[in-house]
Amino acid sequence: MEKYEFSWRGKRNAKKIADSPARNTTLVANKFKSKNWDTTKNIYIEGDNFEILRLLQKSYSEKVNLIYLDPPYNTGKEFIYHDNYQDSYEGYLKQTGQIDEAGKSTTTNKETDGRFHTIWLNMMYPRLKLARNLLTDDGFIFVSIDDHELKNIQDLLNEIFGSHNFIGIISVENNPKGRKNSSFISVSSEYLVIFAKNKDNSYFVENTPKAASDMKLDEDGRYVHGSGKRVIVGDNKFNDYVSDVDSNKNYSVYYDTRNIILRREYSVNSIDKDLIDKGYTRYYSSHNGHLVLNTYTSNKFEELFKNKALEFSNGKIFEKNFSDTIRIKSQLVNRKYDAIVNGNKKKDFNFDLTTTGAGTHLKELFDTNISPFSAPKNVGLLKNIITLIDNKDAIIMDFFSGSSTTAEAVFQQNALDNGNRKFIMIQLPENLDDNLKRADSNSAKNIKSAIKYLESKGLDHRLTTLAEERIRLAGERILSESQSIRRTLDIGFKVYELQESTIHQWDENPAKFEEQLKLFKENIFTEDSTNEQRAQEIALKSGISLDVNPEITGDIYHFVAKEKEVFVVLGDYDNELLKVLNSSRKLNIATVILHELLGGSEVKFNLLEEIKQDEDLNNHFNLEWL
């Protein structure tokens with residue numbers, strides 16, 4: 001049977017991979033690389049984004065409000081996954097192309113390796129499917145893409161999000177002069193593909209500043225839109241005829257430039273001559289000689305009058321349009337114009353989307369002659385995307401974060417509108433020295449500039465190190481530029497690295513059964529990990545987000561998130577444990593995760609019995625053993 005479908009070689013395996021559990025990996029904190037560890041809510045993760053997305057499935061399920069991606073447009077490294085999902089961490093690194101057979105670090109997904117649609121689809125599908133799980137019900141995903149994979153990315157998102165959740169495609173003018181190496185068309189734009197998690201529950205904020213030429217000052221010195229005003233009292237063919245004279249939308253308005261008096265009406269000829277004689281002008285709604293209902297109730301009308309939001313003109317009363325923004329258009333172009341921003345006129349408002357502008361900004365930020373990043377996204381584009389979302393507390397994720405433009409955009413927008421948005425950046429720690437060997441002449445200049453900068457700071461030559469430095473510089477610059485910016489602005493970030501699990505993994509090889517059994521009986525944790533790392537891994541896989549700092553008492557790690565509380569007990573404990581924990585419990589129900597004590601079956605039995613017999617403890621604690 002033939003049918004319309006989107007298919008490619010390897011699709012079945014890509015689906016299987018997307019549904020597979022995380023490998024024997026975890027995320028380990030690197031406090032040395034972090035900034036403001038104790039207070040920040042921002043997260044930067046170094047490692048392969050696919051494995052990291054799998055690790056975040058429980059702790060960030062339906063918590064991310066916005067995902068922005070600028071993925072590699074093509075790939076030359078095939079992602080091969082075997083059915084054996086218990087493979088070693090080193091094997092996983094080899095399969096994902098992060099290290100070669102000799103164990104030497106490599107990189108993946110470089111455009112210079114060729115344009116292979118099938119490989120690209122197999123790489124993108126599982127990542128996008130996992131990403132959808134993290135979005136809130138009213139969340140969005142934005143994907144920057146060029147024309148080579150535009151159709152494929154839309155087809156992928158149609159399949160994963162559903163075609164009914166397609167929002168649109170925006171053309172973004174990132175290179176106004178056009179590419180010189182184009183054969184037929186001088187390409188000046190790329191595309192932004194937008195999908196909602198659930199379109200019925202989502203909406204965009206009108207966020208594009210209106211031109212000053214479209215606005216005028218009213219009698220109170222406030223900017224109002226010059227046209228398109230809404231008639232709320234006057235001739236109106238859209239409102240219903242009055243069928244109930246007692247309706248709270250049936251009234252005439254008598255106005256004398258200072259006051260209003262509202263009168264219930266019975267016909268268009270019901271005129272209060274006493275008020276007319278006192279200098280009042282009558283306004284009423286009608287059509288074809290009959291009364292019609294006013295647009296608003298009398299209470300709402302009086303509120304608008306009190307707020308000086310009404311305009312009386314030519315027998316009609318209009319509602320003033322103070323909105324100084326319009327809806328985003330399907331073409332985003334670079335503009336410099338006089339605009340009205342937050343009620344004030346701003347001359348030469350610059351709406352910059354260009355890659356060149358982004359490079360200039362980075363040269364200034366790093367104080368270098370050449371931008372350390374090649375083809376970075378412009379902060380202006382990311383701020384425009386962020387402000388479409390009506391949530392100043394949003395969590396914003398970018399799992400192909402590259403130069404971390406998204407992180408700086410979050411900082412800048414929070415500084416502008418006192419927002420409290422948080423970011424999660426994910427990036428493979430590519431070696432810039434290796435990238436330099438494969439780079440073309442243009443990209444090589446940027447990479448050399450990056451390496452020179454990193455060497456001057458005594459830092460390693462990894463893309464993630466450079467991006468983290470960009471976030472530091474951007475945050476510090478924002479605070480230094482204006483004394484009015486609140487000092488509580490979160491410009492920090494916690495750095496986590498993808499590493500091998502701190503917990504020994506079960507080896508299904510029958511020949512190793514006895515060895516494995518002995519290992520798990522004596523010590524389930526790897527010897528080179530710390531209790532803090534172990535507790536963090538257990539908390540993450542129990543649903544605690546990475547921004548939560550535990551309260552540590554001895555070997556008890558207490559994690560409290562908005563909706564979840566976890567105690568991780570890694571030291572010795574006795575029959576009094578639950579009573580001790582109950583004194584520090586914050587939420588109604590807490591999960592207690594304990595390791596098995598050697599010879600501690602009696603303590604375990606007593607704790608379980610105490611839970612059964614003590615109604616208070618039974619209602620407030622869930623016990624789990626490692």
**Report entry** Asn236 and Ser285: CA distance, side-chain angles, deciding distance, side-chain hydrogen bond (donor to acceptor under 3.5 Å, both in side chains) verdict
**Finding:** CA-CA 6 Å; Asn236 193 324; Ser285 294; 5.8 Å; no

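- Between His287 and Tyr241, the ring-plane angle classifies as tilted under the 30° and 60° cut-offs.
- With Gln57 contributing its side chain and Leu130 its backbone, the two residues share a donor-acceptor pair below 3.5 Å.
- Under the rule for a side chain to side chain contact (heavy atoms under 4.5 Å, CB included), the partners of Asp147 that lie at least two apart in sequence or sit in another chain are Tyr191.
- Glu319 is linked by a salt bridge (charged side-chain N to carboxylate O under 4.0 Å, His left out) to nothing, counting only residues two or more places apart in sequence or in another chain.
- Residues Glu219 and Lys320 are paired through a salt bridge, judged by an N-O separation under 4.0 Å between the basic side chain and the carboxylate.
- A distance-only check finds a donor-acceptor pair linking the side chain of Lys392 to the backbone of Asp417 [under 3.5 Å].
- Among residues two or more places apart in sequence or in another chain, the salt bridge (charged side-chain N to carboxylate O under 4.0 Å, His left out) test is passed with Asp338 by Lys347.
- Scanning all heavy atoms of the two residues, the minimum distance from Met397 to Leu134 falls at CE-CD1, 3.7 Å.
- Remark: Asp244 CG is packed, more than 12 non-hydrogen atoms of other residues, nucleotides or ligands lying under 6.0 Å away.
- At a cut-off of 3.5 Å, with distance as the only test, no side-chain donor of Asn201 or Asp138 sits close to an acceptor on the other residue.
- When all heavy atoms are compared, the tightest approach of Ile424 to Ile395 is CD1-CG2, 3.9 Å.
- Judged by distance alone, the side chains of Thr356 and Thr354 never bring a donor and an acceptor atom under 3.5 Å apart.
- Checked for salt-bridge contact, Arg585 and Glu565 miss the test: no charged N lies under 4.0 Å from a carboxylate O.
- Side-chain contact annotation: Asp146 with His148, donor-acceptor N/O pair under 3.5 Å present.
- Residues Thr464 and Gln427 have side chains that never bring a donor and an acceptor to within less than 3.5 angstrom of each other.
- Phe400 has its side chain out of reach of Ile426: every pair of non-hydrogen atoms, C-beta onward, lies at least 4.5 Å apart.
- Contact check for Val143 versus Pro71: side-chain heavy atoms found under the 4.5 Å cut-off.
- Of the possible donor and acceptor atoms, none in the side chain of Asn321 sits under 3.5 Å from a partner among the backbone N and O of Val224.
- Judged by distance alone, the side chain of Thr40 and the main-chain N or O of Trp37 form no donor-acceptor pair under 3.5 Å.
- In this structure, the side chains of Phe301 and Ile260 come closer than 4.5 Å at one or more pairs of heavy atoms.
- Cation-pi geometry between Arg127 and Tyr125 is not satisfied (NZ or CZ under 6.0 Å from the ring centre, within 45° of the ring normal).
- Ion pairing between a basic and an acidic side chain is recognised when a charged N comes within 4.0 Å of a carboxylate O; Asp155 and Lys151 show such pairing.
- By the salt bridge (charged side-chain N to carboxylate O under 4.0 Å, His left out) test, Lys63 is found to be paired with no residue, residues two or more places apart in sequence or in another chain being considered.
- In this structure, the side chains of Tyr223 and Asp324 stay at 4.5 Å or more apart for every pair of heavy atoms.
- With sequence neighbours excluded, the residues forming a side chain to side chain contact (heavy atoms under 4.5 Å, CB included) with Asn619 are Glu615, listed by chain and number.
- No more than 12 heavy-atom neighbours from other residues, nucleotides or ligands sit within 6.0 angstrom of NZ on Lys306.
- With a 4.5 Å cut-off on side-chain heavy atoms, Tyr496 and Ile43 count as touching.
- Taking the side chain as every heavy atom from C-beta outward, Val172 and Leu381 approach each other to under 4.5 Å.
- Ion pairing between Arg132 and Glu62 fails under the 4.0 Å rule for side-chain N and carboxylate O.
- Using a cut-off of 4.0 Å between Lys/Arg side-chain N and Asp/Glu carboxylate O, Asp70 and Lys377 are scored as salt-bridged.
- Remark: the backbone N or O of Gly357 is not paired with any side-chain donor or acceptor of Asp352 at under 3.5 angstrom.
- Note that OG1 of Thr488 is 10.0 Å distant from CG of Asn414, once rounded to the nearest 0.5 Å.
- Judged by distance alone, the side chains of Ser545 and Asp547 do bring a donor and an acceptor atom under 3.5 Å apart.
- For Thr387 and Asn207, the side-chain atoms include at least one donor-acceptor pair closer than 3.5 Å.
- In this structure, Arg421 contributes its side chain and Ile396 its backbone to no donor-acceptor pair below 3.5 Å.
- Side-chain contact between Glu311 and Ile317: absent, with no pair of heavy atoms (C-beta onward) separated by less than 4.5 Å.
- Ile544 and Lys564 get closest at one heavy-atom pair: CD1-O, 3.8 Å.
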Query raised in the report: Can Ser144 and Glu190 be said to form a side chain to side chain contact (heavy atoms under 4.5 Å, CB included), step by step?
Result: CA-CA 7 Å; Ser144 287; Glu190 62 179 8; 4.1 Å; yes

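- Side chain to side chain, Tyr203 and Asp390 meet the donor-acceptor criterion of an N or O pair below 3.5 Å.
- Scanning both residues, Leu291 and Tyr266, for their nearest heavy atoms gives CD1-C, 3.7 Å.
- A distance-only check finds no donor-acceptor pair linking the side chain of Ser188 to the backbone of Lys177 [under 3.5 Å].
- Phe140 and Phe204 have tilted rings, their planes meeting at an angle from 30° to 60° on a 0 to 90° scale.
- For the 3.5 Å distance criterion, the side chains of Glu303 and Asn299 fail to qualify, holding no donor opposite an acceptor.
- Between Phe161 and Phe195, the ring-plane angle classifies as tilted under the 30° and 60° cut-offs.
- Side-chain atoms of Asn133 and Ser61 include no donor-acceptor pair closer than 3.5 Å.
- Note: Phe312 and Tyr283 meet the aromatic proximity criterion, with ring centroids under 6.0 Å apart.
- For Arg222, the salt bridge (charged side-chain N to carboxylate O under 4.0 Å, His left out) criterion is met by Asp218, Asp220, not counting sequence neighbours.
- Relative orientation of the Phe493 and Phe423 rings is tilted, given thresholds of 30° and 60° on the angle between their planes.
- Annotation: side chain of Phe366 is in contact with side chain of Leu466 (closest heavy-atom distance under 4.5 Å).
- Within a 6.0 Å radius of CG in Asp393, more than 12 heavy atoms belonging to other residues, nucleotides or ligands are found.
- Here the shortest heavy-atom pairing between Pro376 and Ala358 reads O-CB, 3.7 Å.
- Counting only distance, with no hydrogens or angles, the side chain of Asn165 and the backbone of Lys197 share a donor-acceptor pair below 3.5 Å.
- Between the side chain of Arg335 and the main chain of Tyr337, no donor-acceptor pair closer than 3.5 Å is present.
- Judged purely by distance below 3.5 Å, without hydrogens or angles, the side chains of Thr297 and Asn248 never pair a donor atom with an acceptor atom.
- Side-chain polar atoms of Tyr296 and Arg230 form a donor-acceptor pair below 3.5 angstrom.
- A side-chain donor from one of Asn549 and Lys494 sits under 3.5 Å from a side-chain acceptor of the other.
- Put simply, the side chain of Lys199 gets close to the backbone of Phe166: a donor and an acceptor are under 3.5 Å apart.
- With hydrogens and angles left out, the side-chain atoms of Arg264 and Asn250 include no donor and acceptor closer than 3.5 Å.
- Other residues, nucleotides and ligands place no more than 12 heavy atoms under 6.0 Å from the CD atom of Gln331.
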